[in-house]
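All remarks here apply to the structure that follows.
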Amino acid sequence: LQSDVDFKSILKHIPVLTRNLVEKAISSRPANKSACFELLSTLISSECAAEVIPVLVEVGFVSKQPKIVAGCAELLGMLLDKYGVEWMMEEKLVEVVQKGVVGLLENSNGAVRENAKRIVYGLGYCKRMKKLIDPILNEKSVKEVTRKDM
């Protein structure tokens, strides 16, 4: 990019791009899903997490389409595996993920619940983040069996 101005003008479009990818590509054919994951992963590695993650959680985690919820949970788990937790240390991102993951822990889809646990483990792995998983585990809607499993 030629300048910060160019980058800033691009940044404002990332939430819309992310929303479209979440709503249209995550639940589609495997090749499209893979390309979507790769693009969102590239955005994260380009320090655009603050623009991507809120959309991923606020749109994808609450979608009425189970494949979208599953895909978004899987993607966030993969991002934590790939990049660790440091990229998500911004307080706003942590709060968004904390709120969003609680619903995933009680999802009827076993794969979604497993990815939610993976996200919580990812948050808990970093010593500075351990205090952040307590509100998730203490959430009243999280079943006792899920709590014990983690």
Closest approach of [X] to [Y] (non-hydrogen atoms, all atoms of both residues):
{"X": "Asn109", "Y": "Ala70", "answer": "ND2-CB, 4.3 Å"}
{"X": "Val52", "Y": "Ile14", "answer": "CG2-CG2, 3.8 Å"}
{"X": "Cys72", "Y": "Gly60", "answer": "SG-CA, 3.4 Å"}
{"X": "Leu11", "Y": "Cys48", "answer": "CD2-SG, 3.7 Å"}
{"X": "Ile119", "Y": "Ala73", "answer": "CD1-O, 3.9 Å"}
{"X": "Gly71", "Y": "Ile26", "answer": "CA-CG2, 3.4 Å"}

[X]: side chain to side chain contact (heavy atoms under 4.5 Å, CB included) partners, not counting sequence neighbours:
{"X": "Ala49", "result": "Ile44, Ile53, Trp87, Leu93"}
{"X": "Ser41", "result": "Leu79, Lys82, Tyr83"}
{"X": "Asp81", "result": "Arg118"}

Can you tell if the side chain of [X] reaches within under 4.5 Å of the side chain of [Y], non-hydrogen atoms only?
{"X": "Asn115", "Y": "Leu76", "answer": "no"}
{"X": "Phe61", "Y": "Ile68", "answer": "no"}
{"X": "Leu17", "Y": "Leu43", "answer": "yes"}
{"X": "Thr18", "Y": "Glu51", "answer": "no"}

Inset, instruction - Answer yes or no: is there a donor N or O on one side and an acceptor on the other, between the side chain of Ser34 and the main chain of Pro30, under 3.5 Å? - result: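 No, because the side chain of Ser34 does not come within donor-acceptor range (under 3.5 Å) of the backbone of Pro30.
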Inset, instruction - Check for a donor-acceptor pair, side chain of Arg113 on one end and backbone N or O of Ser108 on the other, with a separation under 3.5 Å. - result: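 Yes, because the side chain of Arg113 sits within donor-acceptor range (under 3.5 Å) of the backbone of Ser108.
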Inset, instruction - Check each of Val57, Leu56, Val55 against Val59 using the side chain to side chain contact (heavy atoms under 4.5 Å, CB included) test, and report the only one that passes. - result: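 So, applying the side chain to side chain contact (heavy atoms under 4.5 Å, CB included) to Val59 and each of Val57, Leu56, Val55, only Val55 qualifies.
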Inset, instruction - State the CG-CE distance between Leu40 and Met78, to the nearest 0.5 angstrom. - result: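 Going from CG on Leu40 over to CE on Met78, the span is 10.0 Å.
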Inset, instruction - Would you give the length of the straight line joining atom CD of Glu38 to atom OG of Ser45, rounded to the nearest 0.5 angstrom? - result: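 Glu38 CD to Ser45 OG: 8.5 Å, rounded to 0.5 Å.
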Inset, instruction - Kindly determine whether Lys33 and Glu74 satisfy salt bridge (charged side-chain N to carboxylate O under 4.0 Å, His left out), including the steps that lead there. - result: CA-CA 11 Å; Lys33 183 178 177 180; Glu74 180 183 3; 3.2 Å; yes
Legend entry - SB check Arg19 Glu23 (cutoff 4.0 Å):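 Salt bridge present between Arg19 and Glu23.
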